[in-house]
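Written out below as structure tokens is the structure these notes cover.
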Amino acid sequence: MRIAVGLEYDGSGFCGWQTQSSGCSLQDAFERALAAIAGDPVASVCAGRTDAGVHAFGQVAHFDVTVHRPVTAWVRGVNTHLPRSIAVTWAREVTQAFHARFSARSRSYRYVLLNRPERPGLFRGRAGWYHHALDVEAMREAAQHLVGEHDFSAFRSAECQSRSAVRQMLSIAIHREDSLVTMDFRANAFLHNMVRIIVGCLIEVGSGKRSPSWLGEVRDARDRTQAAATAEAAGLYLVSVSYDGRWDFPRVIRPLPPGVQGLSLPWP
């Protein structure tokens, strides 16, 4: 029996999604909780292997089990065995044709940046921070150089194991609400550190250190050394994963902080 689940988590206290020998990862915690319900070890596969410190509203994973349990056991039961910073939000029985990673049509990430002179307090660990004023219009102009199908070699880490750096960036949207700048990215798939490196480049443009056209030059160079430093992990959220409608998964609902209208900002 194959089960698909939705997950949300605060990644601050974990060493990323992927299992580690030390047992410090989100996958390790999730599989320990699954085993407690299944009575046997359970291996899981996720849609996007988030890095250390990265959060999620809409992670999707699947796993196979040989025991029968009510679907509610894979939500409420598993949640009783998970750390409080991780929660299963839904579960569905699916056929073997479903694969959390390979069945995904697109993924959406959001980067939240606190843009003010003072360091974050309430948003510590849940937003990036840049202390100088940013020109959001220049950042929007620069971002358009990355929309479409491109070789994103300049925007992936040296540890990236993907055979191809070609990805299709479906959209990039940048908004500002008071001191919070949000950057939304939707693509068919992402490379290791891709969003955080792009954010680092957009900050370079927004701060006036680079022109908007520079991002197109970096793209064409296909050289990681030509891009900016990687933005900190704290501001990155896996927002949602899109699948064919036949799977009929629940829509991810993101909370709004008090007083913020129109933007689905993460809230501590």
Side-chain angles (χ1 to χ4, degrees), residues 1-11 14-20 25-31 33-34 42-65 71 74-75 78-79 82 85-111 152 155-157 159-172 183-196 198 233 235-254 264 266:
M1 180 186 303
R2 178 160 292 183
I3 305 293
V5 298
L7 292 158
E8 64 179 33
Y9 49 80
D10 175 349
F14 298 91
C15 56
W17 171 268
Q18 192 166 3
T19 186
Q20 301 291 327
S25 75
L26 288 151
Q27 185 178 12
D28 293 321
F30 180 50
E31 292 181 357
L34 291 176
V42 179
S44 64
V45 177
C46 75
R49 292 181 293 184
T50 51
D51 292 333
V54 175
H55 319 294
F57 286 122
Q59 177 71 274
V60 176
H62 81 258
F63 54 90
D64 295 327
V65 289
V71 172
W74 303 117
V75 182
V78 171
N79 280 342
L82 283 172
S85 51
I86 315 173
V88 178
T89 56
W90 56 263
R92 295 283 190 277
E93 185 176 341
V94 293
T95 68
Q96 295 292 316
F98 175 78
H99 192 284
R101 178 184 175 191
F102 298 128
S103 297
R105 306 177 91 179
S106 67
R107 293 138 173 102
S108 297
Y109 281 87
R110 166 166 287 190
Y111 195 91
F152 284 90
F155 306 97
R156 67 170 173 175
S157 72
E159 293 77 29
C160 182
Q161 298 176 354
S162 178
R163 293 181 180 180
S164 172
V166 175
R167 296 291 186 269
Q168 184 177 16
M169 183 71 76
L170 300 170
S171 64
I172 302 177
M183 291 166 263
D184 290 301
F185 304 85
R186 187 168 66 94
N188 63 338
F190 289 88
L191 301 164
H192 187 222
N193 283 356
M194 179 172 159
V195 172
R196 291 165 58 198
I198 292 174
L236 187 59
Y237 295 74
L238 174 56
V239 174
S240 62
V241 185
S242 175
Y243 296 95
D244 189 284
R246 69 189 173 111
W247 300 114
D248 193 29
F249 293 151
R251 183 172 66 91
V252 176
I253 298 176
R254 298 175 296 281
S264 297

Measuring from atom CZ of R49 to atom CG of L238, what distance do you get when rounded to the nearest 0.5 angstrom? 13.5 Å
With distance as the sole test, does R156 use its side chain to make a donor-acceptor pair with the main-chain N or O of S162 at under 3.5 Å? yes
What verdict does the side chain to side chain contact (heavy atoms under 4.5 Å, CB included) test give for L7 and W17, after you've listed the backbone C-alpha separation in whole Å, the side-chain angles of each residue and the deciding distance to 0.1 Å? CA-CA 12 Å; L7 292 158; W17 171 268; 3.7 Å; yes
So does V88 get a backbone contact from the side chain of N79, meaning a donor-acceptor N/O pair under 3.5 Å? yes
Looking only at heavy atoms, what is the nearest atom pair of S103 and A97, with distance? OG-O, 3.7 Å
Any idea which heavy atoms bring Q27 and T19 closest together, and the distance? OE1-N, 2.9 Å
For A100 and A47 the tightest heavy-atom approach is O-CB, 3.4 Å
Just checking, is any N or O donor in the side chain of Q18 or S25 under 3.5 Å from an acceptor N or O on the other one? no
Is the distance from the ring center of F249 to that of F98 below 6.0 Å? yes
Within this structure, what is the CG-CZ distance for the pair D244 and R105, rounded to the nearest 0.5 Å? 5.0 Å
For the CD atom on Q96, are there more than 12 heavy atoms of other groups (residues, nucleotides or ligands in this structure) within a distance under 6.0 Å? yes
Please give me the minimum heavy-atom distance between A165 and L191, naming the atom from each residue. O-CD1, 3.8 Å
Salt bridge (Lys or Arg N to Asp or Glu O under 4.0 Å) partners for R107, two or more places apart: none
Check: Y243 main-chain N/O paired with R246 side-chain donor or acceptor under 3.5 Å: no
Here the pair of heavy atoms bringing L82 nearest to F30 is CD2-CA, 3.8 Å
Report the residue from Y109, F57, Y111 that forms a ring-ring contact (aromatic ring centres under 6.0 Å, His included) with Y237. F57
Can you name the nearest heavy-atom pair linking I86 to A29, along with the distance? CD1-CB, 3.9 Å
Between atom CZ of F155 and atom CE of M194, what is the distance when rounded to the nearest 0.5 Å? 8.0 Å
Any side-chain to backbone donor/acceptor pair from E93 onto V71? Under 3.5 Å, distance only. no
What is the distance from atom OG of S44 to atom CG of D28, rounded to the nearest 0.5 Å? 9.0 Å
Please list all pairs meeting side-chain hydrogen bond (donor to acceptor under 3.5 Å, both in side chains) that have one or both residues in residues 53-64, counting only residues at least two apart or in different chains. R2-D64, Y9-Q59, D10-H55
Once you round to the nearest 0.5 Å, how far does CG of D51 lie from CZ of F14? 15.0 Å
Sub-4.5 Å side-chain heavy-atom contact between P250 and R92: yes
Got a second to check how far I198's CD1 is from M169's CE, nearest 0.5 Å? 4.0 Å
More than 12 heavy atoms of other residues, nucleotides or ligands under 6.0 Å from CZ of R101: is that the case? no
Please tell me if the side chains of F63 and V5 come closer than 4.5 Å, counting only heavy atoms from C-beta onward. yes
Counterpart residues, side-chain contact (heavy atoms from CB on, under 4.5 Å), relative to R186 (two or more places apart): S106, S108, L170, S171
